[in-house]
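Data first, discussion second: the structure below is written as structure tokens.
Just so you know, these numbers use all the heavy atoms, side chains as well, and skip hydrogens, waters and symmetry mates.
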Amino acid sequence: MRQRTVAGLHAEALAKACCWLARRSLGVGGLLVLGLSAGAALMLAAAPLRAQKPLFTTTVPASEFAARRAALMRSIGDGVAIVRGATERPVYKPFRQGAQFFYLTGVEVPRAMLLVDGRAKSSTLFLPARDERMERSEGPLLGPGPDAERLSGIERVVARGDFDAALAAIAAEGRQIFTTFRPEALEASTPGQVRTHARKTADDKWDGRKSREDVFREKLAALSPKSEIADLDRILDRMRLVKSAREIALVRESSRLAGEAMLEAMRVARPGMKEHEIEAVGDYVFKAHGSQGIGYFALVATGTNAAWPHYHAGRATLADGDLVLFDYAPDVNYYTSDVTRMFPANGRFTPRQREMYGIYAKLYEALLTSIRPHVAPRVVIAAAHRKMTGIMKTFAFSDPKVRAAADRFVAGYANANRNSLGHWIGMEVHDVTAPYETLEPGMMFTIEPALTIPDERIYIRLEDAIVITADGYENMSGFVPFDIEGVERVMREEPKYVRAR
């Protein structure tokens, strides 16, 4: 009998599964997956077993993390920075490192600790001892020693238990200690969300827990009473405001997948579907392309549900004549985007929708095309307002309420003190911010202004992911049409990934 390898058994089992899928449809909500073509199934069947997740991230090289630590050293002078990694999860979900720790190390080990010494110009990573029982079940993790130093590029990687002695030496000298003040950002979170959660938890008389960061600062202060404990987040947030080429590439990929989900949602949408079925389109597209999760919960809102900007109940039925808002993006190796499109559930804008959405799209494009580098956002806003004023003079309105809504929209850009175009994106969907004067290459943000008719609960919004370049900007989600003709054209196309049951 021919001896079969583990990889051969895997390929055989996968081939059988693909044959079974050919006979039966794989359901996704009320949708059917079309993503595995016969050719793709054969390629998968021939592939070897997928390797365990690498011990160190492969999307950003160790040299870039080292450059970030070097920049941090220049900012802290003779002080030290201490950052802790996230803890293991109390649920069966993959571990995701905290944003600030990952930004400096790329290391995905629970309860790791980093010490960056500004005086010595070196870093020490403290890792927990290897857990052989866990690794037999879930695969290996990076452990202390020379291999970890080589992979991570960190000068010293030692046992976590050695941190006590390191802190004692710092305390004896009374050196300034920088550490994070803001609660850590994990999956699908934002700085605002984690701050709100920490505040509500502390204020809850039946809870009252301090944040993990508050407890750690208190311990540092008690063990190093001569040291000043300073806020590290302010330094790291300034560093994170401008993205590197590799960071931009990761957000661009998140934008691409978000756009693919938008296009597919338009192709499959029809009256009678549920909002969560549109969400499932995004879930499939993201996962099929290797995302590690979602950047934020899906905002799929049909009809008047869109009037809640962060509506995510997902249970309503798309009705004939509804406009559907779809706002969703994946987490791609710790980076995410933020993209929104709106489309008619039945594939055709009504005459009134053509007027409302039509004027909005023109005003939105006026803002988009006014973006440029090396100027303050208020300069962009003033240029956009001039364009919008011209558009309003030539647009043929038939509905007074639509005109009034457009007038309010344009008036919002007449404010000379307004100096923000949207929100930052990066490691978090509403990424960290820091003081800045002008839009410079590497800054990444979204624009998402809304046109509303409040008494009818009408809310129209688009959103695109922007990166400032040396001579202009790149709209990373611009391949997804938002003009009326373009949206209707996509909605007549055959689906690429799924089809309605």
Side-chain angles (χ1 to χ4, degrees), residues 29 187-190 192-193 251-269 273-287 289 291 293-316 318 322-332 335-345 353 356-357 360-361 364 367-368 421-426 428-431 444-452 457-466 475-483 486-487 490-491:
E187 60 181 346
S189 66
T190 68
Q193 290 291 92
V251 178
R252 185 182 291 117
E253 176 64 4
S254 177
S255 303
R256 185 185 74 82
L257 296 184
E260 285 289 326
M262 305 287 146
L263 292 168
E264 190 72 351
M266 293 179 196
R267 296 180 186 118
V268 304
M273 290 180 68
K274 298 289 188 181
E275 292 165 331
H276 63 79
E277 295 181 78
I278 301 297
E279 177 180 351
V281 171
D283 291 335
Y284 178 75
V285 171
F286 300 164
K287 196 68 172 179
H289 288 85
S291 73
I294 60 173
Y296 52 97
F297 51 49
L299 311 178
V300 185
T302 189
T304 58
N305 288 341
W308 292 296
H310 279 191
Y311 169 86
H312 57 279
R315 292 294 179 264
L318 278 60
D322 276 359
L323 280 180
V324 183
L325 181 148
F326 188 23
D327 181 345
Y328 206 17
D331 176 350
V332 176
Y335 287 82
T336 190
S337 184
D338 196 357
V339 182
T340 305
R341 289 293 184 266
M342 293 192 79
F343 48 87
Q353 287 170 352
M356 289 188 301
Y357 184 92
Y360 170 80
Y364 179 86
L367 174 61
L368 187 64
L421 298 178
H423 65 77
W424 306 109
I425 50 175
E428 296 151 84
V429 63
H430 290 185
D431 206 30
M444 309 185 79
F445 57 91
T446 75
I447 60 169
E448 52 172 344
L451 183 146
T452 64
R457 291 185 54 78
I458 288 174
Y459 177 94
I460 299 176
R461 175 170 62 83
L462 298 169
E463 185 173 21
D464 280 290
I466 307 299
N475 180 359
M476 295 177 290
S477 47
F479 65 96
V480 187
F482 62 75
D483 63 290
V487 170
V490 171
M491 297 190 75

Short side-chain to backbone donor-acceptor contact, [X] and [Y], under 3.5 Å:
| X | Y | answer |
| --- | --- | --- |
| Arg457 | Thr304 | yes |
| Tyr328 | Ile294 | no |
| Gln193 | Thr190 | no |
| Ser254 | Ser337 | yes |

- Phe482-Tyr364 aromatic ring centre distance below 6.0 Å: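 That pair passes the under 6.0 Å test.
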Just so I know, are the side chains of [X] and [Y] near enough to count as touching, which here means a heavy-atom distance under 4.5 Å?
| X | Y | answer |
| --- | --- | --- |
| Ile466 | Thr446 | no |
| Ile425 | Thr336 | no |
| Pro449 | Leu367 | yes |
| Ile460 | Thr452 | no |
| Glu253 | Val332 | yes |
| Asp431 | Met444 | no |
| Asp283 | Val281 | no |
| Tyr357 | Val487 | yes |

Can you give me the closest heavy-atom contact between [X] and [Y], atom names plus distance?
| X | Y | answer |
| --- | --- | --- |
| Phe479 | Arg256 | CZ-O, 3.5 Å |
| Phe326 | Ala261 | CE2-O, 3.6 Å |
| Leu318 | Ala269 | CD2-CB, 4.4 Å |
| Met491 | Ala345 | CE-O, 4.3 Å |
| Pro309 | Leu299 | O-CD1, 3.6 Å |
| Glu463 | Asp338 | OE2-OD2, 2.9 Å |

With a 3.5 Å cut-off and no angle check, do the side chains of [X] and [Y] form a donor-acceptor pair?
| X | Y | result |
| --- | --- | --- |
| Tyr311 | Glu275 | yes |
| Arg461 | Tyr459 | yes |
| Thr302 | Asp322 | yes |
| Glu428 | His423 | no |
| Ser477 | Asp464 | yes |

- Rounded to the nearest 0.5 Å, what separation is found between the CG atom of Asp483 and the CG atom of Leu462?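 Answer rounded to 0.5 Å: 10.5 Å.
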- Message: To the closest 0.5 Å, what do you measure between NE2 (His289) and OH (Tyr284)?
- Response: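 Rounded to the nearest 0.5 Å, the NE2-OH separation comes out at 8.5 Å.
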- Message: Over 60° means perpendicular and under 30° means parallel, so tell me whether His312 and Phe297 are parallel, tilted or perpendicular.
- Response: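 Taking Phe297 first and then His312, their aromatic rings lie parallel (interplane angle under 30°).
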- Charged N to carboxylate O under 4.0 angstrom, Lys274 versus Glu277?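 Not counted as a salt bridge, because no side-chain N and carboxylate O are separated by less than 4.0 Å.
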- Query: Does Asp327 pair with Arg341 as a salt bridge, N-O distance under 4.0 Å?
  - Reply: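 No, Asp327 and Arg341 are not salt-bridged.
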- Message: side chain to side chain contact (heavy atoms under 4.5 Å, CB included), that's the test. Do Val324 and Met342 meet it? Break it down for me.
- Response: CA-CA 5 Å; Val324 183; Met342 293 192 79; over 6 Å; no
- Kindly determine whether Met476 and Val251 satisfy side chain to side chain contact (heavy atoms under 4.5 Å, CB included), including the steps that lead there. CA-CA 8 Å; Met476 295 177 290; Val251 178; 3.9 Å; yes
